[in-house]
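The structure appears below as structure tokens.
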Amino acid sequence: MSGSSSVKDKQRARQIVTGLKRQYGDIPWWPGDTGEVMIGAILTQQTRWENVEKALALLTEQGLCSIPALHAAAGPDIEAAIRCTGFYRMKTRRLAALAAYFEETCGGIGRMETMPTAVLREGLLSVNGIGEETADSILCYGFGRPSFVIDAYTVRMAACAGITTPRQDLKALFERVLPGSTRAYHQAHAHIVEYAKERCTRKRCEGCGISALSG
DNA sequence: GACCAGGTCCTTG
DNA sequence: CAAGGACATGGT
């Protein structure tokens, strides 16, 4: 916890953040409304984003790309639209659970806008099919809260950079290093994904460590 | 054909 | 409680 490796990890995390920011500058990320972002967050689980975009387009075409619409929709219609994202039966159930939570338990998304982030996060985690990463994606990109997202790319980048902090503590590590603004969280996560998806796959990891960033 | 993708849940040992 | 398996399509 307070060992010297934690100080080094902090420095390494800072180098990842600043190095990538220098390389990419501002990049756009998830311009959709809250409902669409939440749907995308479920669909992207263990799935390439390009396939998620196709599914979102199909849902939109059919007027199903919102929480109220999903809540009213028939299962098979949802399944058909999201098939290309894989795990489509499972994801249809998860979307239904998400929609039921906001429409029935919360009384609409609007009611949650003013909730404290911690309360909102607990509520999201209580929905079957929403784990830590999905919850933080929804908070950060859907509700504009400063809750940093730790995904497979971030974990690999951290490992490549020599960070030894255990996975469950990476969120706190990056949140300590970053400025507290939601925008900073958006950008840092977007940068990591942009960088890592090209060179930091399961099998190979080509220069995704800090050495490649700081020169 | 094998392997992998911006996870999560349930079942075992 | 850690590890393993299931969920499933689409691209390399």
Side-chain angles (χ1 to χ4, degrees), chain A residues 13 16-17 20 24 27-32 34 36-59 70 75-101 121-143 145-161 163 166-171 173-175 178 182 184-206 208:
Chain A
I16 289 174
V17 168
L20 290 175
Y24 290 112
I27 61 180
W29 191 259
W30 269 5
T34 304
E36 180 179 331
V37 168
M38 292 199 283
I39 294 165
I42 297 278
L43 295 183
T44 199
Q45 290 172 354
Q46 194 68 20
T47 302
R48 295 176 189 281
W49 181 252
E50 300 76 60
N51 294 329
V52 175
E53 286 185 313
K54 290 175 199 161
L56 288 175
L58 283 175
L59 287 171
L70 276 187
D77 290 340
I78 302 173
E79 289 186 355
I82 72 171
R83 179 160 293 124
C84 64
T85 68
F87 303 120
Y88 64 92
R89 278 184 281 258
M90 170 86 58
K91 285 174 179 173
T92 292
R93 271 185 264 126
R94 290 178 178 178
L95 289 174
L98 174 72
Y101 173 70
R121 191 168 194 272
E122 283 312 302
L124 288 168
L125 289 174
S126 76
V127 177
N128 190 292
I130 298 185
E132 304 242 333
E133 181 187 334
T134 306
D136 289 329
S137 286
I138 289 172
L139 287 170
C140 192
Y141 295 105
F143 285 90
R145 309 300 178 92
S147 196
F148 194 70
V149 181
I150 301 297
D151 56 19
Y153 289 148
T154 312
V155 172
R156 286 185 208 137
M157 282 285 292
C160 288
I163 291 173
R167 185 190 170 119
Q168 70 264 22
D169 296 330
L170 286 178
K171 177 177 164 67
L173 174 68
F174 277 93
E175 290 186 350
L178 285 163
T182 298
Y185 285 39
H186 283 186
Q187 289 298 309
H189 175 240
H191 289 155
I192 288 171
V193 171
E194 194 59 31
Y195 188 93
K197 75 181 178 187
E198 299 298 334
R199 6 193 167 195
C200 213
T201 62
R202 265 190 213 173
K203 292 215 77 158
R204 82 199 147 73
C205 204
E206 302 170 8
C208 65

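Just so we're on the same page: letters track the sequence lines, and every chain starts at 1. Basis for what follows: all heavy atoms, side chains included, without hydrogens, waters or symmetry-related copies.
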Whole-Å [atom1] distance, [N] and [M]:
{"N": "dC10(B)", "M": "dA8(C)", "atom1": "P", "result": "14 Å"}
{"N": "dG5(C)", "M": "dC4(B)", "atom1": "P", "result": "15 Å"}
{"N": "dA6(C)", "M": "dC3(B)", "atom1": "P", "result": "16 Å"}

Problem set entry | Main-chain N/O of C140(A) paired with S147(A) side-chain donor or acceptor, under 3.5 Å |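 Checked: no pair found.
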Heavy-atom check, side chain of [X] versus side chain of [Y], under 4.5 Å:
{"X": "D151(A)", "Y": "H189(A)", "value": "yes"}
{"X": "T47(A)", "Y": "L43(A)", "value": "no"}
{"X": "D169(A)", "Y": "L173(A)", "value": "no"}
{"X": "V17(A)", "Y": "L178(A)", "value": "yes"}
{"X": "I27(A)", "Y": "H191(A)", "value": "yes"}
{"X": "I82(A)", "Y": "L95(A)", "value": "yes"}

Does [X] make a side-chain N or O approach to OP1 or OP2 of [N] shorter than 4.0 Å?
{"X": "Y88(A)", "N": "dA8(C)", "result": "no"}
{"X": "Q46(A)", "N": "dG7(B)", "result": "yes"}
{"X": "R156(A)", "N": "dA5(B)", "result": "yes"}

Could you tell me the separation between the [atom1] atom of [X] and the [atom2] atom of [N], rounded to a whole number of Å?
{"X": "K91(A)", "N": "dT9(C)", "atom1": "NZ", "atom2": "C1'", "answer": "9 Å"}
{"X": "W49(A)", "N": "dT9(C)", "atom1": "CH2", "atom2": "P", "answer": "20 Å"}
{"X": "E79(A)", "N": "dA8(C)", "atom1": "CD", "atom2": "C1'", "answer": "12 Å"}
{"X": "R94(A)", "N": "dG7(B)", "atom1": "CZ", "atom2": "C1'", "answer": "7 Å"}
{"X": "L56(A)", "N": "dT9(C)", "atom1": "CG", "atom2": "C1'", "answer": "16 Å"}
{"X": "L95(A)", "N": "dA8(C)", "atom1": "CG", "atom2": "P", "answer": "12 Å"}
{"X": "F87(A)", "N": "dG7(B)", "atom1": "CZ", "atom2": "P", "answer": "10 Å"}
{"X": "I42(A)", "N": "dC7(C)", "atom1": "CD1", "atom2": "C1'", "answer": "14 Å"}

For this session: With a 4.0 Å heavy-atom cut-off, tell me which residues in residues 121-132 of chain A come close to DNA chain B, sorted by residue number.
Result: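 V127(A), N128(A), G129(A), I130(A), G131(A), E132(A) - these, ordered by number, are the residues of the stretch whose heavy atoms sit under 4.0 Å from the strand.
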For this session: First locate atom CD1 of I192(A), then atom CD of Q187(A), and finally report the distance between them rounded to the nearest 0.5 Å.
Result: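 If I round to the nearest 0.5 Å, the distance is 11.5 Å.
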Exercise. Given D136(A) and R121(A), is the salt bridge (Lys or Arg N to Asp or Glu O under 4.0 Å) satisfied, shown in steps?
Worked result: CA-CA 8 Å; D136(A) 289 329; R121(A) 191 168 194 272; 2.8 Å; yes
Exercise. When we call it a touch if two heavy atoms are under 4.0 Å apart, what does R89(A) touch: a base, just sugar-phosphate, or nothing?
Worked result: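 R89(A): backbone/sugar contact only, no base atoms under 4.0 Å.
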Problem set entry | side chain to side chain donor-acceptor pair (under 3.5 Å) partner of Q45(A), the single match among R94(A), E133(A), K91(A) |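 Per the side chain to side chain donor-acceptor pair (under 3.5 Å) rule, the option paired with Q45(A) is R94(A), out of R94(A), E133(A), K91(A).
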Atom pairs, N/O to N/O, protein against nucleotides 10-12 of chain C, distance under 3.5 Å?
from, atom 1, to, atom 2, distance (Å)
dG11(C), OP1, K54(A), NZ, 3.3

Exercise. Counting only Watson-Crick or G-U wobble pairs whose two distances fall under 3.5 Å, which nucleotide matches dC3(B)?
Worked result: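 The base-pairing partner of dC3(B), which may sit in any strand shown, is dG11(C).
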For this session: Please figure out whether T201(A) or T134(A) has its closest DNA chain B nucleotide nearer the 5' end.
Result: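 The residue mapped nearer the 5' terminus is T201(A).
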